[in-house]
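Input: a single structure, listed below in structure tokens.
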Amino acid sequence: MAGSVQIHGTGQLLTLSRRLRAAGGVRLQRNFARRIRRAAEPLQRDLQRAIRTQALVSEGRRPGARRGRAPTTRPLRATLAGGIRISVRTGTTPGARVWMDKSRLPHDMRNLPWVIEAGRVRHPVFGNRRRWATQWARPAGWWSRTVRAGTPRMNSEVSRIVDDVRRDLE
């Protein structure tokens, strides 16, 4: 799984960024960055929705197995959705990036987005390391499927923004 989606370094963005700096318009640069961020926000929302609705199916309980609530109060999917971020650069490598910020996740969940992406989540039952459970993400690939669906929209929006700003500079 690619860790992030990036739209940067294209020739149009690079030349436009240089022209913005040469024009010296801080207001124009901020406007450009804001519009690029807004172009990436639908993809961020789609990724957050995808992880919030991702089904994790288990094998089921064995007859006579104990039942009970999980000993944690952390909502798994909401925590993972909170780690999806956007960063925008207008410097030498201008562009937008939608990525999973591992620093926003608890230490024991840092690799979980990629594990769910792969489709198989294996974990100890209620923290008991002698008993393990396997859950399946159905369908697998929540990140890659959503990125594949949202990237064309983001690319077309960024190219429209580049054309608008180029027209303003001329």
key: Minimal non-hydrogen separation, P139 against Q54, with atom names   = O-NE2, 3.1 Å
query = With a 4.5 Å limit on heavy-atom distance, are the side chains of W142 and T53 in contact?
reply = no
inquiry  = Strictly below 4.0 Å, N to O, side chains only: are R160 and E157 in salt-bridge contact?
reply    = yes
remark   = One should read off an interatomic distance between R104 CZ and L80 CG, to the nearest 0.5 angstrom, of 13.0 Å
ask   = Are side-chain heavy atoms of R120 and V115 found at a separation under 4.5 Å?
value = no
message = As a quick check of understanding, evaluate side chain to side chain contact (heavy atoms under 4.5 Å, CB included) for W132 and V125, giving each step before the final call.
response = CA-CA 5 Å; W132 288 76; V125 177; 5.8 Å; no
request  = Answer whether the closest heavy-atom distance between the side chains of W143 and L47 falls below 4.5 Å.
outcome  = yes
task = State the OG1-CZ distance between T79 and R77, to the nearest 0.5 angstrom.
result = 11.0 Å
request  = Please name the pair of heavy atoms, one in A140 and one in A118, separated by the smallest distance, quoted to 0.1 Å.
outcome  = CB-O, 4.1 Å
query = Is there side-chain contact between M100 and W114, with heavy atoms separated by less than 4.5 Å?
reply = yes
ask   = Under a 4.5 Å cut-off applied to non-hydrogen side-chain atoms, are V121 and L112 in contact?
value = yes
request  = Working to the nearest 0.5 Å, report the span between CD1 of I116 and CD of Q135.
outcome  = 9.0 Å
key: SB check R153 D46 (cutoff 4.0 Å)   = yes
ask   = Looking only at side chains, do R97 and S87 share a donor and an acceptor under 3.5 Å apart?
value = no
task = Decide side chain to side chain contact (heavy atoms under 4.5 Å, CB included) for E41 and I86; before the verdict, give the C-alpha distance in whole Å, the side-chain angles of both, and the deciding distance to 0.1 Å.
result = CA-CA 8 Å; E41 284 173 354; I86 300 173; 3.7 Å; yes
task = Report yes if some heavy atom in the side chain of M154 is under 4.5 Å from a heavy atom in the side chain of P42; otherwise report no.
result = no
request  = Assess whether atom CZ of R129 is packed by more than 12 heavy atoms of other residues, nucleotides or ligands within 6.0 Å.
outcome  = no
task = Spell out, as yes or no, whether a donor-acceptor pair under 3.5 Å connects the side chain of R38 to the backbone of A33.
result = no
task = Find the distance between CD1 (I84) and CD1 (I51) and round it off to the nearest 0.5 Å.
result = 7.0 Å
request  = Report yes if the side chains of N111 and K102 come closer than 4.5 Å at any heavy-atom pair, otherwise no.
outcome  = yes
message = How close do I36 and A96 get, counting heavy atoms only, and between which atoms?
response = CG2-CB, 3.5 Å
query = When rounded to the nearest 0.5 angstrom, what distance separates CG in D101 from CZ in R85?
reply = 5.0 Å
key: Contact summary for P113 and L105, nearest pair of heavy atoms   = CG-CD1, 4.0 Å
ask   = Passes side-chain hydrogen bond (donor to acceptor under 3.5 Å, both in side chains), R34 versus N31? Steps please.
value = CA-CA 5 Å; R34 185 180 71 247; N31 183 27; 2.8 Å; yes
inquiry  = I want to check something: taking the side chain as every heavy atom from C-beta on, are L76 and M109 in contact at a cut-off of under 4.5 Å?
reply    = yes
note = So CD of E117 and OG1 of T146: to nearest 0.5 Å the spacing works out to 8.5 Å
